[in-house]
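So you know, we letter chains A, B, ... as the sequences are listed, proteins then strands, and number each from 1.
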Number of protein chains: 2
Amino acid sequence: MTQARAETRIQRKNKELILEAALEVFSTYGFRGSTLDQIAAQAGLSKPNLLYYFPSKEAVHKELLDGLLDTWLDPLRAIDPEGDPTQEILGYMQRKLEMSRAYPRESRLFANEILQGAPRILDALKGELKDLVDAKSQVIKSWADRGLIADVHPQHLLFSIWSLTQHYADFEVQVEAVLGDEGPFDHAQEFLDHLYTRLLKR
Amino acid sequence: MTQARAETRIQRKNKELILEAALEVFSTYGFRGSTLDQIAAQAGLSKPNLLYYFPSKEAVHKELLDGLLDTWLDPLRAIDPEGDPTQEILGYMQRKLEMSRAYPRESRLFANEILQGAPRILDALKGELKDLVDAKSQVIKSWADRGLIADVHPQHLLFSIWSLTQHYADFEVQVEAVLGDEGPFDHAQEFLDHLYTRLLKR
DNA sequence: GTCTATAAATAGATAGAC
DNA sequence: GTCTATCTATTTATAGAC
């Protein structure tokens with residue numbers, strides 16, 4: 001029993017090690033551009049050992065993506081129809097920006113997948129994602145109809161938040177190249193606060 | 001002489017064929033995720049024949065990227081310091097949006113390269129791109145200083161234009177998944193016009 | 001200029017010893 | 001659970017006939 005638990009702990013630790021390494025590699029090179037050699041080396045394991053924990057390259061990638069979409073949508077789910085409209089939308093944007101800052105690799109993993117046509121995640125985009133966006137768009141529309149915020153296209157408002165916040169993670173090297181020493185996120189929040197405050201004001 | 005010209009015409013046509021196919025493939029899978037087999041098949045040529053026109057996979061990719069950055073920066077160069085500030089910035093945004101609509105593959109090729117750390121284009125980002133951005137940022141700052149537009153962070157204003165317009169090309173499958181039948185660009189322009197009009201108003 | 005054949009290296013995955 | 005060795009397929013690139 002103690003034996004079994006100890007093994008399980010090693011298993012978890014190694015699976016964790018592999019997923020962390022895979023995130024690093026897949027987020028940089030995408031699925032097809034990444035190799036098990038790279039991931040194994042990054043994890044400090046041999047390739048066959050990696051394949052002892054996961055049945056295939058595909059399985060490693062799938063496990064990363066599966067966990068991701070849910071986490072990625074949490075900030076959107078948190079929008080409260082009963083809250084102050086402007087503050088709810090600003091808060092959503094800020095949570096998304098914070099995620100880009102804290103989890104740039106996850107953002108890039110997602111971006112790589114979408115860019116490549118989302119072959120492994122398209123169903124979730126058309127299902128889970130679309131349903132949630134539709135629901136929250138209704139909320140935003142009702143706010144606009146009641147005159148609580150300016151009249152904006154709800155879906156495009158959400159697209160704008162995704163694109164603006166994720167840009168700082170996905171295009172980080174470009175932002176850094178342009179800004180020089182200044183950190184990429186340094187003035188992002190005040191710029192975006194300003195932008196959305198203006199956009200939403202009646 | 002006639003003979004020589006004919007061959008040159010074939011050469012140009014085939015090089016063009018290859019670059020067109022390579023754009024299709026590289027823009028979808030990135031450099032490492034793409035294979036010469038795919039590109040040759042897409043171009044309707046054999047792989048050795050492709051390698052008769054280009055010395056290596058790297059060379060094909062480089063030729064695509066080299067032409068791209070210049071074209072990509074043209075809309076930004078066109079910003080006129082003597083023009084009407086709001087119209088100049090709105091016009092820039094519109095030209096960028098139009099490029100995303102007309103050349104989504106070029107946008108994705110660029111996005112793939114940046115996402116993967118820009119290994120083949122980083123120097124140009126730190127040189128050519130940064131210089132141009134610095135120059136145009138000065139123009140925008142002077143407009144703000146003179147009270148002709150609202151006081152915005154010039155570089156982040158430009159980032160926002162890049163991210164918002166390119167999003168419709170780079171994340172096209174996601175936008176389509178969410179919008180359903182509606183085309184991804186259908187309400188994009190009016191949304192962005194509205195957004196920047198509000199942001200820049202004094 | 002284009003093809004078939006093939007070299008040389010790499011990649012995903014498995015076998016089997018320990 | 002981890003390793004070495006290896007299989008099979010793929011990939012970049014070259015050789016050489018036509």
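For the salt bridge (Lys or Arg N to Asp or Glu O under 4.0 Å) test, residues two or more places apart in sequence or in another chain that qualify with B/D134 are B/K130. Annotation: side chain to side chain donor-acceptor pair (under 3.5 Å) contacts of A/S107 (sequence neighbours excluded): A/D170. Partners of A/D70 under the salt bridge (Lys or Arg N to Asp or Glu O under 4.0 Å) rule, at least two apart in sequence or in another chain, are A/R77. Residues passing the salt bridge (Lys or Arg N to Asp or Glu O under 4.0 Å) test with B/D66, sequence neighbours excluded: B/K62. Applying the side chain to side chain contact (heavy atoms under 4.5 Å, CB included) test to A/T35 and every residue at least two apart in sequence or in another chain returns A/D37, A/Q38, B/R32. With sequence neighbours excluded, the residues satisfying ring pair (Phe, Tyr, Trp, His ring centres under 6.0 Å) with A/F159 are A/H156, A/W162. For A/Y29, the ring pair (Phe, Tyr, Trp, His ring centres under 6.0 Å) test picks out no residue, with sequence neighbours left out.
Listed in residue order, the members of residues 52-65 of chain B having a heavy atom less than 4.0 Å from DNA chain C are B/Y52, B/Y53. Taken residue by residue, residues 22-37 of chain A places heavy atoms nearer than 4.0 Å to DNA chain C at A/S34, A/T35, A/L36, A/D37.
Rounded to a whole Å, the CD1 atom of A/I10 is 11 Å from the C1' atom of D/dT2. The distance from atom CZ of A/R9 to atom C1' of D/dG1 is 16 Å, rounded to the nearest whole Å. Atom CD1 in A/I39 sits roughly 15 Å away from atom C1' in C/dT10 (whole-Å rounding). Protein atom CG of A/L50 is 10 Å distant from nucleotide atom P of C/dG12, rounded to whole Å.
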What are the atom names and distances for every N/O pair under 3.5 Å that joins the protein to nucleotides 3-6 of chain D?
unit_1, atom_1, unit_2, atom_2, d
D/dC3, OP2, A/S46, OG, 2.9
D/dC3, OP2, A/N49, ND2, 3.4

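Within a 6.0 Å sphere centred on OH of A/Y103, other residues, nucleotides and ligands contribute 12 heavy atoms or fewer.
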B/L164 vs B/Y196, test: side chain to side chain contact (heavy atoms under 4.5 Å, CB included). Steps then yes/no.
CA-CA 11 Å; B/L164 287 168; B/Y196 282 106; 3.3 Å; yes

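Residue pairs satisfying the side chain to side chain donor-acceptor pair (under 3.5 Å) criterion with at least one member in residues 174-184 of chain A, sequence neighbours excluded, are listed as follows: A/E182-A/H187.
The pair A/R95-A/E98 does not meet the salt-bridge criterion, since no charged nitrogen lies less than 4.0 angstrom from a carboxylate oxygen. Of the charged side-chain nitrogens involved, at least one lies within less than 4.0 Å of a carboxylate oxygen, so that B/R105 and B/E20 count as a salt-bridged pair.
Relative to the six-membered ring of B/F31, B/R120 meets both conditions, a distance below 6.0 Å and an angle of at most 45° to the axis.
Taking five base pairs at each end of the helix from C/dG1-D/dC18 to C/dC18-D/dG1 and finding the rotation axis that steps the C1' atoms of four pairs onto the next four gives two axes whose angle is 10°, to the nearest 10°.
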